[in-house]
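For reference, the structure is listed below as structure tokens.
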Amino acid sequence: MSVGSTNASGTQRGFHYQDFAALYLLILRIKEVEWINVEGQDDIDIRYEDGSMHYFQVKEVKNIAAQIPASSVRDAIRVLSNDLESGQINNEIPELAIVTNTSKPFGKTSESVFDSSYMKVSFQNLSESNQKKIQKHFKDAKQENPKLFETDFDPTQLTIVKIQYSGEDEEARLQSLKDMVREFLVTAGIKPEQAPKLMNTWRLLISDSTENPTQVIDKQQFAAHTEATLIDSPDFDTFFDEFNVEVETEEFIRNEYRDHLEIISHDYAILSKITGGFSDFQKKTLGGLRHKELKNTFTNEFSKEILADLGLQDNEQDLEVSKLIIWLVISKASYFKSVEEAIGLEN
């Protein structure tokens with residue numbers, strides 16, 4: 001991620017349907033997901049916490065009333081067959097799916113159920129005519145390259161997932177995802193006005209994963225990016241007053257803090273170190289200090305301990321940057337609990 005990507009002012013990137021679908025699927029089952037990998041063209045792999053692997057092939061169509069081209073279905077079947085072979089050794093594989101935005105994945109005979117903005121239909125629940133179409137696609141794909149079908153791949157294992165992505169502009173195309181994000185924000189106790197910043201952060205997280213195929217996104221990373229974004233709106237004047245920051249250091253802090261906040265967004269362990277340290281500090285000094293004094297005393301005492309983690313040096317100016325970041329994190333410590341519960345990190 002580029003510096004500043006935790007903030008809405010960071011570089012905006014448009015969504016590709018693969019990234020859109022990956023983020024939708026991640027948030028849809030966020031509590032159950034261990035990690036997601038968006039690799040190469042059309043591939044999304046998701047590992048659940050129960051150890052099961054879910055493989056998705058993404059097939060976008062420009063006209064949502066058009067069917068998925070036969071060649072695209074065959075390509076998806078070939079890749080999913082390969083996924084089955086590579087993943088079945090150590091993992092249960094309950095889902096091999098084709099994800100699409102079309103309401104007519106198999107042409108005019110497609111079920112009306114695909115008119116919904118989100119729908120998941122297993123092979124067994126498709127109409128007989130559409131089952132036959134998939135069987136034919138499977139037969140054709142196998143004839144084209146038999147070596148890719150040396151596993152026990154069975155087309156009846158396929159699931160078709162429709163996620164709405166259509167419209168003349170991005171606002172319309174992202175509506176289904178925005179609805180999903182809105183539900184997550186309510187569950188996490190996050191104010192709705194934070195949605196644009198979080199959407200930008202998450203899109204960058206997913207698109208960076210797409211560009212680095214070996215990189216997986218686990219829920220700790222998702223939490224770290226989310227929480228770093230939520231604290232990226234410092235009340236500088238209050239901080240400068242409470243910590244008696246020298247005037248000549250103020251501009252340095254304003255210019256430098258985001259680079260080091262970016263480090264936090266990539267490392268959930270740093271967030272845990274700060275919040276855990278503050279929790280221990282509270283227990284040791286219970287009843288001895290008022291809440292504001294407690295926060296500020298901890299911030300001053302802990303600022304040196306976190307310098308190296310934040311990529312800072314042991315000098316006066318860097319120490320003030322460390323204080324700002326610690327102060328921001330512990331100010332939101334109780335807020336983060338609801339966020340982590342929504343993600344499934346409460347333990």
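- Taking Glu111 as the reference, Val113, Phe114, Leu126, Ser127, Asn130 meet the side-chain contact (heavy atoms from CB on, under 4.5 Å) condition, with sequence neighbours excluded.
- Classified by interplanar angle (parallel below 30°, tilted 30° to 60°, perpendicular above 60°), the ring pair Trp327/Phe243 is perpendicular.
- Annotation: salt bridge (charged side-chain N to carboxylate O under 4.0 Å, His left out) contacts involving residues 321-334, sequence neighbours excluded, comprise Glu320-Lys323.
- Remark: Asp50 engages Ser52 in a side chain to side chain donor-acceptor pair (under 3.5 Å) (not counting sequence neighbours).
- Pairs engaging residues 240-253 under the salt bridge (charged side-chain N to carboxylate O under 4.0 Å, His left out) rule: Glu242-Lys292 [sequence neighbours left out].
- Rounded to the nearest 0.5 Å, atoms CD1 (Ile44) and CD1 (Ile36) are 5.5 Å apart.
- Identified under the ring-ring contact (aromatic ring centres under 6.0 Å, His included) test for residues 21-53, with sequence neighbours left out: Tyr24-Tyr118, Tyr48-His54.
- Within the structure, salt bridge (charged side-chain N to carboxylate O under 4.0 Å, His left out) contacts touching residues 182-191 (residues at least two apart or in different chains) are Asp179-Arg182.
- Among residues two or more places apart in sequence or in another chain, the ring-ring contact (aromatic ring centres under 6.0 Å, His included) test is passed with Phe278 by Phe298.
- Using a 4.0 Å cut-off between charged nitrogen and carboxylate oxygen, Glu49 and Lys31 do not count as a salt-bridge pair.
- Applying the side chain to side chain donor-acceptor pair (under 3.5 Å) rule to Gln131 yields no partners; only residues at least two apart in sequence or on another chain are considered.
- Residues passing the side chain to side chain donor-acceptor pair (under 3.5 Å) test with Arg74, sequence neighbours excluded: Glu144.
- Partner of Lys59 under the side chain to side chain donor-acceptor pair (under 3.5 Å) criterion, out of Thr102, Thr100, Asp42: Asp42 alone.
- A salt bridge is absent between Asp280 and Lys284; no separation between the charged side-chain nitrogens and carboxylate oxygens falls under 4.0 Å.
- Under the side-chain contact (heavy atoms from CB on, under 4.5 Å) criterion, Pro234 pairs with Asp232, Phe236, Tyr257, Leu324, Leu328, not counting sequence neighbours.
- Legend: residues meeting ring-ring contact (aromatic ring centres under 6.0 Å, His included) with Tyr165, ordered by chain and number and at least two apart, are Tyr17, Phe20.
- Under the 4.0 Å criterion applied to side-chain N and carboxylate O atoms, Lys132 and Glu128 are assigned as salt-bridge partners.
- A search for side chain to side chain donor-acceptor pair (under 3.5 Å) contacts involving Ser110 returns nothing, not counting sequence neighbours.
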